[in-house]
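Written below as structure tokens is the structure these notes are about.
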Amino acid sequence: MPEWSKGAVCKTAGSAYEGSNPSPPIRAVSDRAHPLRTWRPAPIRMRPFAVVVALVNGALGLLLAALILPGIGIGSVHGAVIAAALLGLLNLLLPPVIVALRIPFTVGLTFLLVLAVNVALLMLVADVSPATLRVDGVGWALGAALITAAIGLVVEVITGLNDDTGYALQVVGRVARRSGERVRSDDPGIVFLEIDGLALPVLRRALRDGHAPQLGRMLARDSHRLVEWETDLSSQTGASQAGILLGSNRDLPAFRWFERSSGATVTCSSPGDCAAIERRLAGKVGLLSGGGASRGNLFSGGAEEMILTISRLDVERRANRGYQAFFANSFNVTRTVVLFAWEVALEVSAAVRAVRRDVQPRGARGGVYPLLRAGMCVVVRDLVVFAVLTDMLRGRPAVYATFASYDEVAHHSGLERADTLEALRKLDQQIGRLDRARRYAPRPYELVILSDHGQTQGATFRQRNGYGLEDLVRGAVDDPVVSGAGGDEHDSAVGHALREAAGANPRAGGPRAARAQLGRAGEVAVLASGNLGLIYFTGGEDRLTRGEIERRHPRLLSALRSHPHIGFVMVRDDDDHPVVLGAAGERDLVSGGGGGGDPLAPVSPPAAPHPLGAARFTNAPDVIVNSFYDPELDDACAFEELISFHGGLGGAQTRPFIMCPIDLPLPAQPLVGAEAVHRLLLGWRRLLHPDEVPAESAHGSTSETPR
């Protein structure tokens, strides 16, 4: 926790919860008094031991390069130390200069420029003192730079200095001062760090088994506490982040769905679709309104500063300068290249081991996936960390950053496999780095770690049956069946990052022009979102009722509800009531009536409000399908080819967490739904700095809008 010095007395927002609302907002005004907090940031200094290790790293790297590369020669250890010292000094002084340059296609030129400077420096040292260093050409110098980086990473891991905190903060601090955006304040800011896809039960086991030591230390020193919240239906990033960042996730029935009015698919990884969703839901105060920053999210939440925020990619015409600051640091450039290659090797070796040991369930891990995994686990992760460090040293009042690497690896490797937990450990390490950096910021910061949903594991529907959900539907209807795109939600993330970095975000045809037309009149459209299936009868503006479906397709509902790997289906009856149908019974979600066994019982009693809300969405499908869930085996199946998944109900996918400082208040009732989390987090922002958060947006107030 940040250190405070006590002085006079001032008033801040309180934390009282009143009434029977299960998740009421924090009151903006309270008569509770607190001592005035005067913040004194610690000076950024590099530890002498770290400086010595850096010089040793550089010298060892050059000496090893001379042994491996015939085009590199080292005359003495002294010469290697001199070259390493010059490289370190340049990398400390150069980044603010490069950031100040107005270069088009920033990442490409900056990346090459920094590599070229490293190469030029090595060749310059060789020209000035050929007796100590010999470089026979540009290619040999580049190889030496990469080998030096690789050796440095190994030594830093062994010595425990692999987060490079002191050096990185020196560089980031210089960039922040040169930008002129540094804000000095005694009011606490707040940093929200989201670990995409991490369920509370998985986190607890990771804490127990030592896979998240940084988070464990924060809990052990009684600075933070864990609380569970329950997701909506659907339990996926689009609905959760819309609720958390925008205050509403109305009409987001899944990660991808069919829009009746346009006849097109909507996907929460599409920049145009995310932009349209954010415009439609902009009726409340965004979580990041009032000077906040969005890093790696689907939606901006009203932020003024963004990197890799999908809803704003089509709006930004120029290359994002945040990438320039990251790649202007030579350490980041060479470290990224080395770690990227290492992550690819880790994925390939893990996939081979899984095949050799016949691990089940086993996901598809070939093709370009190793490159995608390396991009998410190295490039995107480190870019987001660097951006949050910059935000903190600039004194931004609020930051929300998403780390998707655990979610990405779990989809293909499994929920708690060795390489999945290794991805979590690396995220935990970066969170510790950000935790330690708070003391150097120009304002105090509270640190909140949370997840947007969890995941549930099991062999896919196709692996179990030899056919997919669309094939099951095709055999039960007479109309043509079309299937929407499925697959990994992060497939396009690395490509988005590259396009944003280079400013290649054309808007030809408008932001929604690229949306795929899915179904024509008379067709049945089948889409998948984890273990949630969506069936649409296209060609009409209104959803069909249960009676209409049974008259048009008399075999469909019985085929679905009797299938052993389908837990329940939900349709609308002739009285406009959502009805849940299972193999052994049914349940009316409005009247509570029905017969036989309750189809929702395996996914826990609290799940009832979620299907009811989802059934009332404008773009809800005619038939909602949820896979089976076996609570004894903790087993379910996705309708996509992902062995660890989220999107529907059943298992840990609906059990995310919030890890918050103990001095931030919590509601007396359980947190149910992402909109409740938004009210809580926005209440914390008003508690910490009430003058920086708008009272209401241009479109409305922050009061809750019933669904």
Side-chain angles (χ1 to χ4, degrees), residues 22 199-202 228-236 239 253-254 415 453-461 464-465 469 472 528-535 546 549 556-573 575 577-617 620-621 623-639 644-656 669-673 676 707:
L200 179 61
V202 176
E228 181 174 348
W229 67 279
E230 187 175 348
T231 65
D232 303 277
L233 181 67
S234 65
S235 54
Q236 48 85 21
L415 193 61
H453 53 75
Q455 292 199 29
T456 302
Q457 183 174 294
T460 70
F461 187 87
R464 295 169 189 267
N465 298 288
L469 177 63
L472 177 63
S529 181
N531 71 323
L532 190 71
L534 299 89
I535 302 174
R546 177 182 182 179
I549 294 172
L556 178 61
L557 294 182
S558 60
L560 292 173
R561 66 187 295 184
S562 63
H563 195 283
H565 297 134
I566 291 178
F568 66 83
V569 299
M570 183 165 62
V571 294
R572 184 169 62 99
D573 71 6
D575 294 327
H577 288 189
V579 178
V580 178
L581 311 174
E586 59 184 68
R587 176 180 172 186
D588 187 315
L589 295 184
V590 175
S591 67
D598 183 359
L600 294 178
V603 294
S604 81
H610 302 316
L612 178 61
R616 291 173 173 171
F617 288 160
V623 182
I624 295 176
V625 183
N626 198 95
S627 83
F628 85 103
Y629 175 67
D630 185 336
E632 291 187 4
L633 298 178
D634 192 22
D635 186 33
C637 64
F639 300 117
S644 189
F645 50 84
H646 50 90
L649 299 177
Q653 62 184 314
T654 60
R655 300 183 60 189
Q669 301 297 323
L671 286 164
V672 179
R707 283 195 283 192

Find out whether [X] and [Y] are in side-chain contact, i.e. whether some heavy atom of one side chain is under 4.5 Å from a heavy atom of the other.
{"X": "Val623", "Y": "Ile549", "result": "yes"}
{"X": "Leu600", "Y": "Phe568", "result": "yes"}
{"X": "Pro611", "Y": "Ile624", "result": "no"}
{"X": "Pro578", "Y": "Val590", "result": "yes"}
{"X": "Gln653", "Y": "His453", "result": "no"}
{"X": "His646", "Y": "Thr231", "result": "no"}
{"X": "Phe461", "Y": "Asn531", "result": "no"}
{"X": "Thr654", "Y": "Thr456", "result": "no"}

Over all heavy atoms of both residues, which pair between [X] and [Y] is shortest? Give the atoms and the distance, please.
{"X": "Pro602", "Y": "Pro599", "result": "CD-O, 3.4 Å"}
{"X": "Ala459", "Y": "Cys637", "result": "O-CB, 3.0 Å"}
{"X": "Ala615", "Y": "Met570", "result": "CB-CE, 3.8 Å"}
{"X": "Ser627", "Y": "Ala636", "result": "OG-CB, 3.8 Å"}

Output the distance between atom [atom1] ([X]) and atom [atom2] ([Y]), rounded to the nearest 0.5 Å.
{"X": "Ser529", "Y": "Leu233", "atom1": "OG", "atom2": "CG", "result": "9.0 Å"}
{"X": "Arg561", "Y": "Leu581", "atom1": "CZ", "atom2": "CG", "result": "4.5 Å"}
{"X": "Asp635", "Y": "Gln457", "atom1": "CG", "atom2": "CD", "result": "8.5 Å"}
{"X": "Leu469", "Y": "Thr460", "atom1": "CG", "atom2": "OG1", "result": "12.0 Å"}
{"X": "Arg655", "Y": "Glu230", "atom1": "CZ", "atom2": "CD", "result": "9.5 Å"}
{"X": "Leu560", "Y": "Asn626", "atom1": "CG", "atom2": "CG", "result": "12.0 Å"}

So, the side chain of [X] versus the backbone of [Y]: is there a donor-acceptor pair under 3.5 Å, distance only?
{"X": "Asp575", "Y": "His577", "answer": "no"}
{"X": "Ser234", "Y": "Gly648", "answer": "no"}
{"X": "Ser235", "Y": "Gly647", "answer": "yes"}
{"X": "Ser644", "Y": "Gln455", "answer": "no"}

Can you check side chain to side chain contact (heavy atoms under 4.5 Å, CB included) on Tyr629 and Asp634, steps first, answer last? CA-CA 7 Å; Tyr629 175 67; Asp634 192 22; 2.7 Å; yes

Working note: Trp229 + Leu200, criterion side chain to side chain contact (heavy atoms under 4.5 Å, CB included); need CA distance, chi angles, decisive distance, verdict. CA-CA 9 Å; Trp229 67 279; Leu200 179 61; over 6 Å; no

So, applying side chain to side chain contact (heavy atoms under 4.5 Å, CB included) with Leu472, which one of Ile566, Leu556, Asn465 is it?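 Of the listed options, the one satisfying the test is Ile566.
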
